[in-house]
Amino acid sequence: MTHAPAAARVLLASALSVTALLTTASCMVGDRDVPRALPAGVPEEPPASPSAAASPAARPSPGAQTLNEEQLRAALLTEADLGEPWVAGRGTATWRDGMLKARTENADCHRLLDSLYTEELFGPPSGPSATATLDDASTDSQLRYQLAAHPPADVDRVLSWMDTLPEKCERFEATAAGAGGLLVEVAELPLPEAGDARAGLRLTMTGEASGGAPARLTVTVAAVRVGEETITLTNGGLGTVLPEVTQAMTQLGADRLTEIGRQERLRV
């Protein structure tokens with residue numbers, strides 16, 4: 001009897017667990033116009049991206065309110081949303097210190113690595129926040145999902161900066177204490193038209209893990225502004241990391257957060 005390779009079984013299990021969501025996300029991503037990266041030399045705080053500027057939510061309305069911590073927790077994604085083989089987080093992924101804690105001379109690229117390592121893409125929240133961490137038990141990939149209140153104008157500046165990184169940091173070298181020299185590549189991750197403004201990236205780091213074994217880390221990151229709240233989602237690992245999972249969870253998370261915000265406005 002012939003058995004499928006372990007990697008193929010892992011990929012199949014992950015794909016089947018989110019089939020319906022992935023189909024929806026693929027359709028939405030396929031129908032949207034992908035924003036072009038801005039040319040090099042854009043100011044450190046560039047103007048808001050077209051997707052952000054076109055949204056009235058970029059300018060807080062007089063009666064705008066942030067959700068409280070309990071409401072944000074209710075909007076979090078859980079292992080039930082992804083299905084097997086995803087489980088509740090079992091601790092910090094080892095690749096975070098082993099590879100993601102890295103340095104490079106390029107200021108923008110270093111800022112990106114530092115933001116992913118510290119898990120503060122938008123800096124400390126200005127209000128309530130809630131976080132969920134999920135692990136793929138079959139591949140040791142880890143998904144981190146954070147909801148937090150940040151000033152919309154500040155969020156839009158970060159999203160615009162993220163839009164420039166596939167050009168500014170397309171390919172660069174970095175150094176990590178646990179992995180030595182690393183080759184890092186950054187590309188845009190197309191996202192569904194979720195929330196009021198958004199940006200997505202796919203980062204790969206190739207080098208050596210502790211012990212000298214070849215290693216390749218893949219991290220996808222999606223950031224979405226929904227009114228006064230911001231979603232930050234990272235999905236990374238040393239094995240198979242499906243971008244479709246990040247895309248689907250971005251759409252589901254934004255829809256859930258929007259609905260909870262709508263219910264709160266009706267109650268008020």
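For the single chain, residues carry numbers from 1 onward in sequence order.
In summary, the side chains of Ser138 and Asp136 do present a donor paired with an acceptor at a separation below 3.5 Å, with no hydrogens or angles considered. Donor-acceptor pairing under 3.5 Å is recorded for the side chains of Trp161 and Asp108.
Using a distance-only test at 3.5 Å, with no hydrogens or angles considered, no donor-acceptor pair links the side chain of Asp135 to the main chain of Gly89. The backbone N or O of Asn235 sits less than 3.5 Å from a side-chain atom of Thr220, completing a donor-acceptor pair. For the pair Gln71 (side chain) and Asn68 (backbone), a donor-acceptor distance under 3.5 Å is present. Of the possible polar contacts, none joining the Ser129 side chain to the Pro125 backbone as a donor-acceptor pair under 3.5 Å is found.
Side-chain contact check for Leu113 versus Leu203: some heavy-atom pair is nearer than 4.5 Å. For the pair Val186/Arg202, no side-chain contact is recorded, criterion being any heavy-atom separation below 4.5 Å from C-beta on. In this structure, the side chains of Leu67 and Pro128 stay at 4.5 Å or more apart for every pair of heavy atoms. The shortest distance between side-chain heavy atoms of Leu182 and Glu173 does not fall below 4.5 Å. Residues Val226 and Arg198 form no side-chain contact, since every pair of their non-hydrogen atoms from C-beta on lies 4.5 Å or further apart. Side chains of Val241 and Thr139 form no contact here, defined as non-hydrogen atoms less than 4.5 Å apart. Leu116 has its side chain within reach of Thr234: a pair of non-hydrogen atoms, C-beta onward, lies under 4.5 Å apart. Residues Leu252 and Met249 have side chains in contact (heavy-atom distance under 4.5 Å, counting atoms from C-beta outward).
The environment of Glu170 atom CD is sparse: at most 12 non-hydrogen atoms of other residues, nucleotides or ligands sit within 6.0 angstrom. Other residues, nucleotides and ligands place more than 12 heavy atoms under 6.0 Å from the CZ atom of Arg262.
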Evaluate Phe122 against Val158 for side-chain contact (heavy atoms from CB on, under 4.5 Å), listing each step before the verdict.
CA-CA 7 Å; Phe122 296 98; Val158 174; 3.5 Å; yes

Evaluate the criterion side-chain contact (heavy atoms from CB on, under 4.5 Å) for residue pair Leu134 and Leu82; output intermediate values, then yes/no.
CA-CA 9 Å; Leu134 305 173; Leu82 280 160; 3.7 Å; yes

Could you walk me through whether Glu244 and Gln247 satisfy the side-chain contact (heavy atoms from CB on, under 4.5 Å) test, starting with their C-alpha distance in whole Å, then the side-chain angles of each, then the deciding distance to 0.1 Å, before giving a yes or no?
CA-CA 5 Å; Glu244 295 90 350; Gln247 293 163 338; 4.0 Å; yes

Does the side-chain contact (heavy atoms from CB on, under 4.5 Å) test come out yes or no for Trp95 and Asp140, once each step is laid out?
CA-CA 10 Å; Trp95 47 260; Asp140 287 332; over 6 Å; no

Decide salt bridge (charged side-chain N to carboxylate O under 4.0 Å, His left out) for Arg256 and Asp81; before the verdict, give the C-alpha distance in whole Å, the side-chain angles of both, and the deciding distance to 0.1 Å.
CA-CA 11 Å; Arg256 183 173 297 173; Asp81 295 310; 2.8 Å; yes

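Atoms CZ and OG1, on Arg73 and Thr131 in that order, are 7.5 Å from each other to the nearest 0.5 Å. Between the CD atom of Glu188 and the CG atom of Asp163 there is a distance of 7.0 Å, given to the nearest 0.5 Å. For the atom pair CG of Leu238 and CD of Gln142, the computed distance is 11.5 Å after rounding to the nearest 0.5 Å. From Met99, atom CE reaches atom OG1 of Thr206 across 7.0 Å, with rounding to the nearest 0.5 Å. The structure places CZ of Arg225 at 13.0 Å from OG1 of Thr232, a figure rounded to the nearest 0.5 Å. Distance OG1/Thr204 to CZ/Arg171: 9.0 Å, rounded to 0.5 Å.
Of all non-hydrogen atoms in Ala197 and Asp156, the two that sit nearest each other are CB-OD1, 3.8 Å. Between Ala174 and Ala102, the shortest heavy-atom contact is CB-CB, 4.1 Å. Closest approach of Cys169 and Asn106 over heavy atoms only: SG-OD1, 4.2 Å. Heavy atoms only, all atoms of each residue included: Met205 and Val184 are closest at CE-CG2, 3.9 Å. The shortest non-hydrogen separation linking Asp196 to Gly227 is OD2-N, 2.6 Å. In terms of heavy-atom proximity, Pro243 sits nearest to Leu189 at CB-CD1, 3.7 Å.
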Can you give me every donor-acceptor pair (side chain of residues 143-153, partner residue at least two apart or in another chain, under 3.5 Å) with its distance?
{"from": "Arg144", "atom 1": "NE", "to": "Glu119", "atom 2": "OE1", "distance (Å)": "2.8"}
{"from": "Arg144", "atom 1": "NE", "to": "Glu119", "atom 2": "OE2", "distance (Å)": "3.3"}
{"from": "Arg144", "atom 1": "NH2", "to": "Glu119", "atom 2": "OE1", "distance (Å)": "3.3"}

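Here Arg157 pairs with Asp154 in a salt bridge; the nearest charged N to carboxylate O distance falls below 4.0 Å.
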